[in-house]
Protein chains: 2
Amino acid sequence: MPNISQKGQRMPASPIRKLTPYADKAKQDGKTVFHLNIGQPDIETPEGMINAIKNVDFKVWAYTPSEGTLSYRKQLTKYYNRNGYNITPEDIIVTAGGSEAISITFMTCLDAGDEVLVPEPYYANYNGFASQSDIVVKPILSYIDSGFALPPIAEFEKHISSKTKAIFICSPNNPTGYLYSREEMEALKALVLKYDLYLFADEAYREFVYGDQPFVSPMHLDGLDENVVIIDTVSKRYSACGARLGCIITKNKKFWQTAIKFAQARLSPGLVEQIAGEAAIDTPDEYFDRVKAEYNSRRNTIVSALNKMEGVYCPNPGGAFYVMAQLPIDNSDKFCQWMLEEFSYNNQTVMMAPATGFYSTPGLGYNQVRLAYVLNNSDLEKAMTCLAEALRVYPGRVDNAEGLKLSAETVA
Amino acid sequence: MPNISQKGQRMPASPIRKLTPYADKAKQDGKTVFHLNIGQPDIETPEGMINAIKNVDFKVWAYTPSEGTLSYRKQLTKYYNRNGYNITPEDIIVTAGGSEAISITFMTCLDAGDEVLVPEPYYANYNGFASQSDIVVKPILSYIDSGFALPPIAEFEKHISSKTKAIFICSPNNPTGYLYSREEMEALKALVLKYDLYLFADEAYREFVYGDQPFVSPMHLDGLDENVVIIDTVSKRYSACGARLGCIITKNKKFWQTAIKFAQARLSPGLVEQIAGEAAIDTPDEYFDRVKAEYNSRRNTIVSALNKMEGVYCPNPGGAFYVMAQLPIDNSDKFCQWMLEEFSYNNQTVMMAPATGFYSTPGLGYNQVRLAYVLNNSDLEKAMTCLAEALRVYPGRVDNAEGLKLSAETVA
């Protein structure tokens with residue numbers, strides 16, 4: 001039998017999806033499983049988008065230009081310029097989701113062995129895209145005590161070498177929900193200019209910001225045109241994860257002209273998606289008002305329920321629809337699997353993402369889980385009741401920080 | 001300004017799309033341009049597929065499993081088993097077009113510096129996907145005199161080293177239209193078994209076979225389960241290029257389990273596409289009968305017109321919707337650009353793909369062009385009249401083989 005590549009062997013499996021067989025088994029056994037493990041919202045896709053699909057009127061389902069149709073890029077420009085980005089359609093390349101935007105961005109800027117600095121914890125699939133291109137992700141640790149604020153700039157500087165090509169942020173953040181402040185963005189700006197680095201910004205959760213602090217994009221900062229690459233997607237914005245429609249935005253022409261070569265190799269983004277995406281730009285404000293109010297209320301439900309549990313700590317994040325909670329447990333992988341395999345309360349249980357998948361520093365994340373508040377308040381409350389009960393009876397419960405530390409070292 | 005990667009600099013631009021600015025200019029100047037340069041058929045997508053789009057009834061445009069929905073993979077299994085493939089839904093991974101299927105297949109089997117042998121001329125974007133992963137494409141030359149039949153096995157063997165991991169074929173072939181015979185497939189089987197190589201088969205044009213010779217897939221051969229990876233797409237089969245819906249088929253479980261990790265990183269193929277793809281499987285035979293009859297008639301039109309031109313030679317290929325023609329010209333890049341920039345006949349001209357983009361051996365393809373017969377017979381006839389006139393007046397016309405050879409050496 002011919003061999004699999006080394007790259008294929010090294011490629012990480014999705015840590016978010018790896019517990020799925022246990023969840024399937026639990027459901028086969030008749031348990032209700034509350035899915036807080038994955039960022040698939042239950043929110044309805046805007047009607048205008050669905051209607052655009054239903055009203056397609058082409059006879060030939062044809063290729064579009066590799067950079068996306070001009071009419072979609074014009075609509076996108078309208079949307080981004082309403083958000084103060086000051087771009088033109090020529091600054092955009094339409095992609096198959098945020099995923100392809102990341103892959104193309106990595107290949108455009110980094111060679112094998114090159115490094116990208118990413119505040120940790122971070123979205124697990126960044127590792128997958130890095131692994132595809134033999135790129136090295138250097139994690140810069142952020143802490144739950146500060147709600148996962150931007151790590152001190154000095155920590156970034158410690159890890160900058162001639163191999164460092166970029167800093168990659170996600171704000172509002174997946175998995176922590178943290179929203180970077182203007183001060184933090186200005187600090188990043190000074191850093192990338194000082195070392196002549198790219199600043200990649202994953203803005204999948206731009207629309208989901210709660211409270212008074214405004215969303216600040218690197219596109220809002222002056223003097224960064226050559227450094228900034230925005231990664232975006234309609235997946236979360238319009239609850240259209242299955243559309244696989246994203247984009248890259250940059251004012252760096254050399255980047256654009258290189259990235260388009262990768263886009264040309266795969267020929268075209270999807271036509272129907274672009275038609276629907278075009279319609280989405282006219283989604284009324286009321287849609288977002290309603291969705292944001294709903295998420296905000298869910299965030300309050302989940303954060304308040306978590307912090308009421310003995311030994312649990314959960315910061316109240318400024319955006320996205322995730323929280324990272326610290327639990328009094330020995331090992332989040334074991335705990336999340338145990339919840340599905342062995343635990344139930346009123347024949348219900350909860351599926352969560354062990355935080356280990358979001359840390360690449362060994363030994364971290366063993367006492368944290370990520371919860372996506374993608375279910376309604378009533379289900380969230382039931383899920384929180386389940387979790388509280390589970391923590392009460394979990395055999396691997398660890399109640400003191402020393403025990404936690406020890407346990408993390410054992411498994412590391 | 002931060003630097004572009006070496007990979008990005010090396011990445012080839014699409015040779016098929018590089019003449020587009022000249023075609024745009026010609027059209028702005030009021031010329032009619034017959035597009036025979038790109039495999040975008042004018043054939044209508046099956047009604048059932050379009051209706052499936054119009055009838056979507058979901059409220060949330062959600063992710064699907066990374067390997068594709070079970071119901072789509074079940075329908076695909078029906079289609080492939082009608083074609084004698086003997087597969088199950090577990091042998092399939094649904095992808096974003098054939099393009100993503102190739103990318104994932106390359107990454108699953110080859111590391112940087114590894115080699116894949118490809119009969120030349122070949123589909124230009126294979127270079128792009130190889131370049132993305134720093135993989136080396138080794139061309140094995142086929143000849144227009146034999147209609148681009150499979151090169152002698154001894155030629156493959158000459159290029160096999162410890163770095164060789166796979167042989168990559170496309171049948172019916174893009175760009176040549178050549179359809180491999182059972183004998184040729186059996187010879188490839190013996191070769192890959194002897195050297196324990198993968199056999200990648202791009203079958204985008206499976207449905208388009210003319211004449212009596214049957215289509216033979218490696219899936220029709222016994223004892224190759226661990227070696228064969230099929231690359232497929234609905235793009236050409238249902239004239240649905242803009243759907244970006246393809247798949248990988250393999251019975252090699254280790255391959256599948258590795259490939260799915262790359263598929264998980266990009267989360268999901270498109271949902272609407274899979275719904276439409278599911279409906280497409282029930283496309284009535286009459287659709288294909290009609291489409292094949294149309295292509296067959298166009299093939300006859302174009303092949304016969306080309307061979308009537310002084311100094312032109314065009315084999316009559318067994319499948320796909322391309323021909324490669326040898327022209328009495330000094331340089332196909334120059335000629336194709338000249339056709340757009342300087343030539344017109346009755347205010348019309350023709351856009352073709354210079355064959356240089358399909359050869360990676362330096363100096364080859366300068367007296368060949370690829371023509372896609374994706375226009376109706378009447379337009380094809382007008383295009384052929386144009387081409388005949390262009391060849392009559394082209395300043396770089398070269399009428400003897402010696403001149404051709406010299407010219408190729410000059411530009412190489």
Side-chain angles (χ1 to χ4, degrees), chain A residues 1-2 4-8 11-14 17 40 42-45 50 53-54 56 59-64 96-97 99-100 107-112 125 128-129 132 134 165 196-198 226-227 239-244 252 254-255 258 261-262 264-273, chain B residues 1-2 4-8 11-14 17 40 42-45 50 53-54 56 59-64 96-97 99-100 107-112 125 128-129 132 134 165 196-198 226-227 239-244 252 254-255 258 261-262 264-273:
Chain A
M1 192 194 325
I4 294 300
S5 66
Q6 299 286 327
K7 173 179 289 187
M11 182 74 183
S14 166
R17 294 183 175 214
Q40 170 58 62
D42 60 336
I43 301 289
E44 289 186 6
T45 309
I50 306 259
I53 302 173
K54 290 181 192 280
V56 296
K59 298 269 185 200
V60 181
W61 197 346
Y63 288 128
T64 79
S99 299
E100 190 181 65
M107 290 189 290
T108 300
C109 303
L110 289 91
D111 285 303
N125 282 333
F129 302 122
Q132 282 180 9
D134 302 309
K165 305 297 177 198
D196 200 20
L197 303 175
Y198 286 103
E226 302 297 341
N227 304 76
S239 193
C241 297
R244 316 314 299 129
N252 179 325
K254 209 166 157 194
F255 175 103
T258 305
K261 295 192 287 182
F262 293 100
Q264 281 176 348
R266 59 63 161 144
L267 302 170
S268 163
L271 171 61
V272 174
E273 284 70 16
Chain B
M1 192 193 325
I4 293 301
S5 65
Q6 299 287 326
K7 174 179 288 187
M11 182 74 184
S14 167
R17 296 184 174 215
Q40 170 59 62
D42 61 335
I43 301 288
E44 290 188 6
T45 309
I50 307 259
I53 303 174
K54 291 182 192 280
V56 296
K59 297 268 184 199
V60 181
W61 197 346
Y63 289 127
T64 79
S99 299
E100 189 182 63
M107 291 190 289
T108 300
C109 303
L110 289 93
D111 286 304
N125 281 333
F129 303 122
Q132 283 181 8
D134 303 308
K165 304 296 178 200
D196 200 22
L197 303 174
Y198 287 103
E226 303 297 342
N227 305 76
S239 192
C241 297
R244 314 316 299 130
N252 179 326
K254 210 165 156 194
F255 175 102
T258 305
K261 295 192 289 180
F262 294 101
Q264 282 177 348
R266 60 60 161 146
L267 300 171
S268 164
L271 171 62
V272 173
E273 283 71 14

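From a predicted model like this one, the values you see are computed outputs, not experimental measurements. Just the heavy atoms: all of them, side chains too, but no hydrogens, waters or symmetry mates, feed the values below. We name chains A, B, ... by the order of the sequence lines, and we start the count at 1 in each one.
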Which residue out of [options] racks up the most heavy-atom pairs below 4.5 Å with chain A?
options                           : result
A240(B), S14(B), S5(B)            : S5(B)
L197(B), L267(B), V272(B), D42(B) : L267(B)
Q6(B), M11(B), E226(B), R266(B)   : M11(B)

Out of curiosity, [X] [atom1] to [Y] [atom2], how far, rounded to the nearest 0.5 Å?
X       : Y       : atom1 : atom2 : answer
L271(B) : C241(A) : CG    : SG    : 11.0 Å
K59(A)  : S239(B) : NZ    : OG    : 13.0 Å
Y63(A)  : R244(B) : OH    : CZ    : 5.5 Å

So, the side chain of [X] versus the backbone of [Y]: is there a donor-acceptor pair under 3.5 Å, distance only?
X       : Y       : result
W61(A)  : G242(B) : yes
D111(B) : K7(A)   : yes
K54(A)  : I53(B)  : no

*Starting from the C-alpha separation in whole Å, work towards a yes-or-no answer on side-chain contact (heavy atoms from CB on, under 4.5 Å) for Q132(A) and M107(B).*
CA-CA 7 Å; Q132(A) 282 180 9; M107(B) 291 190 289; 3.6 Å; yes
Give the member of [options] that has the highest number of heavy-atom pairs under 4.5 Å with chain B.
options                           : result
P12(A), G128(A), G270(A), C109(A) : C109(A)
V56(A), T64(A), D134(A)           : V56(A)
P269(A), A112(A), G97(A)          : P269(A)
K261(A), E44(A), K165(A), E100(A) : K261(A)

*Is it the backbone or the side chain of S99(A) that comes under 4.5 Å from a heavy atom of chain B, or both, or neither?*
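It is the side chain, since no backbone atom gets that close.
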*When you look at M1(A) and N252(B), which way does the side-chain contact (heavy atoms from CB on, under 4.5 Å) test go after all the steps?*
CA-CA 9 Å; M1(A) 192 194 325; N252(B) 179 326; 3.8 Å; yes
